[in-house]
Amino acid sequence: WLALGLATLALTLVAAFPATWIADGIASQSQRRVLLADAEGSLWHGSATLALSAGAGSETATVLPGRLQWSVAFWPLLGGTLRLAVTHSEAMSSPVGVAVTPLGWTAQAGAIRLPASLLEGVGAPFNTLRPDGRMRLDWSMLHGRFFRGTGQDGGGLNGHLTLRLEQVSSAVSRLRPLGSYRAEIDWAGAAGKLELTTLAGPLHLQGSGVLGRQARFEGTANADPDAAAQLVGLLSLLGRREDNVTRLRF
């Protein structure tokens with residue numbers, strides 16, 4: 001009877017596991033860069049507002065309109081797997097399946113559409129540029145481990161992501177749009193490698209960098225000749241002029 005009582009208590013606690021606890025866990029794991037605000041529901045069925053910030057200590061965050069929603073399947077739990085479906089009311093056309101085990105996790109390939117203004121919450125240089133436009137993030141199968149081992153698959157996030165920024169403009173430039181761009185991201189463990197290229201537009205950006213705790217980016221920016229006069233101010237904010245190009249270092 002004691003064992004049955006303890007089991008019943010454990011199931012009751014799990015069933016009532018609040019969504020706010022999940023939000024606190026994600027905020028902690030992301031160093032408060034990814035926030036789930038106004039979380040409602042429970043572990044089984046819940047929703048929250050997705051927001052991005054510059055991390056711990058930041059006083060501002062940008063919010064994605066709509067609600068992030070999730071639901072958890074019960075029966076896989078008996079086999080030691082937490083299997084859930086995640087979707088967004090405004091930004092995702094179809095749900096993405098996520099499976100979590102004691103050793104790690106996997107996420108199905110998927111995509112999400114975001115406003116470029118969401119980048120303001122990340123911090124410099126986006127909080128100065130105040131971008132506008134559309135973004136689309138596509139990813140392959142992603143996976144990670146909770147316990148760091150050896151090799152590339154030794155923990156953190158592993159997978160490939162493609163970020164497309166379309167018809168981007170900035171509050172500090174009257175020229176609209178500035179262009180469309182693509183960032184290819186290969187993430188392995190605690191860091192990701194980024195390659196930025198220009199698809200179209202009068203403002204040409206290119207470069208490479210590393211994402212993660214030691215994030216850095218280096219590249220160049222230059223304008224089409226017929227747009228150079230209109231983009232002088234913006235280019236001066238992006239970096240220093242050297243050898244007829246603007247050097248980007250963030």
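Every value quoted in this text rests on a predicted model; they were computed, and no experiment measured them.
Summarising the local packing, CZ of R176 is surrounded by more than 12 heavy atoms from other residues, nucleotides or ligands at distances under 6.0 Å. Heavy-atom contacts from other residues, nucleotides or ligands closer than 6.0 Å to CD of E242 number more than 12. When the shell of 6.0 Å around CZ of R249 is examined, it contains more than 12 heavy atoms from other residues, nucleotides or ligands. Counting non-hydrogen atoms of other residues, nucleotides and ligands closer than 6.0 Å to CZ of R67 gives a total above 12. Other residues, nucleotides and ligands contribute over 12 non-hydrogen atoms within 6.0 Å of the CZ atom of R241.
Grouping the Ile, Leu, Val, Met, Phe, Trp and Tyr side chains by contacts below 4.5 angstrom, directly or via other members, places V245 apart from L238. Transitive grouping of hydrophobic side chains (ILVMFWY, heavy atoms separated by less than 4.5 Å) brings V172 and F250 into a common cluster. Note: the hydrophobic cluster containing I26 also contains I112 (ILVMFWY, side chain heavy atoms under 4.5 Å, direct or indirect links). Both L114 and L211 are part of a single hydrophobic cluster, where members link through side-chain heavy atoms under 4.5 Å apart. Grouping the Ile, Leu, Val, Met, Phe, Trp and Tyr side chains by contacts below 4.5 angstrom, directly or via other members, places V98 with L77.
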### Task
Show your reasoning for whether side chain to side chain contact (heavy atoms under 4.5 Å, CB included) applies to L82 and V72.
CA-CA 7 Å; L82 174 67; V72 175; 3.3 Å; yes
### Task
Test side chain to side chain contact (heavy atoms under 4.5 Å, CB included) on L36 and T49 and set out the steps.
CA-CA 5 Å; L36 298 183; T49 300; over 6 Å; no
### Task
Output, in order, the C-alpha distance, side-chain angles, deciding distance and verdict of side chain to side chain contact (heavy atoms under 4.5 Å, CB included) for I185 and T162.
CA-CA 6 Å; I185 303 169; T162 299; over 6 Å; no
### Task
Apply the test side chain to side chain contact (heavy atoms under 4.5 Å, CB included) to residues L194 and V210: give CA-CA distance (whole Å), side-chain angles for both, the deciding distance (0.1 Å), then the verdict.
CA-CA 6 Å; L194 178 147; V210 176; over 6 Å; no
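Between L50 and V63, every side-chain heavy-atom pair lies at or beyond the 4.5 Å cut-off. Counting heavy atoms from C-beta outward, R174 and Q230 have side chains that stay 4.5 Å or more apart. Side-chain contact between E120 and P131 is present, with heavy atoms from C-beta onward closer than 4.5 Å. Counting heavy atoms from C-beta outward, T220 and T246 have side chains that stay 4.5 Å or more apart. Counting heavy atoms from C-beta on, the side chains of L196 and F217 come closer than 4.5 Å.
Pairing each heavy atom of L64 with each of A91, the nearest pair is CD2-CB, 4.1 Å. Smallest separation of non-hydrogen atoms from D224 and G201: OD2-O, 3.8 Å. Shown here for P202 and L178, the closest heavy-atom pair between the two residues is CD-O, 3.1 Å. Across all non-hydrogen atoms, the minimal contact from E166 to S180 is CA-OG, 3.6 Å. Between Y181 and L203 the shortest heavy-atom distance is OH-O, 2.7 Å. Nearest heavy-atom pair across A48 and A39 is CB-CA, 3.8 Å.
Atom CG of N222 and atom CG of L235 lie 8.0 Å apart (nearest 0.5 Å). Separating the CZ atom in R83 from the OG atom in S71 is a distance of 12.5 Å, to the nearest 0.5 Å. The structure places CZ of R145 at 12.5 Å from OG1 of T106, a figure rounded to the nearest 0.5 Å. Interatomic distance, CG of L248 versus CZ of R240, reported as 13.0 Å (0.5 Å rounding). A distance of 15.0 Å separates CH2 of W105 from OG1 of T81, quoted to the nearest 0.5 Å. Rounding to the nearest 0.5 Å places CD of Q108 at 10.5 Å from CH2 of W139.
With S53 contributing its side chain and R32 its backbone, the two residues share a donor-acceptor pair below 3.5 Å. Panel note: side chain Q69, backbone T87; no donor-acceptor pair is recorded below 3.5 Å. In this structure, the side chain of T198 does not engage the main chain of A200 through any donor-acceptor pair within 3.5 Å. Between the side chain of S170 and the backbone N or O of L129, at least one donor-acceptor pair lies under 3.5 Å. The main-chain N or O of L68 is never found under 3.5 Å from a side-chain atom of S47 such that the two would form a donor-acceptor pair. At least one donor-acceptor pair under 3.5 Å links the side chain of T62 to the backbone N or O of L118. Judged by distance alone, the side chain of N158 and the main-chain N or O of G189 form a donor-acceptor pair under 3.5 Å.
Here D138 pairs with R136 in a salt bridge; the nearest charged N to carboxylate O distance falls below 4.0 Å. Note on E218 versus R247: no salt bridge recorded, every NZ/NE/NH1/NH2 to OD/OE distance being 4.0 Å or above. Between R182 and E184 a salt bridge is recorded (basic side-chain N to carboxylate O distance below 4.0 Å).
Below 30°, between 30° and 60°, or above 60°: for W44 and F74 the angle between ring planes is between 30° and 60°, a tilted geometry.
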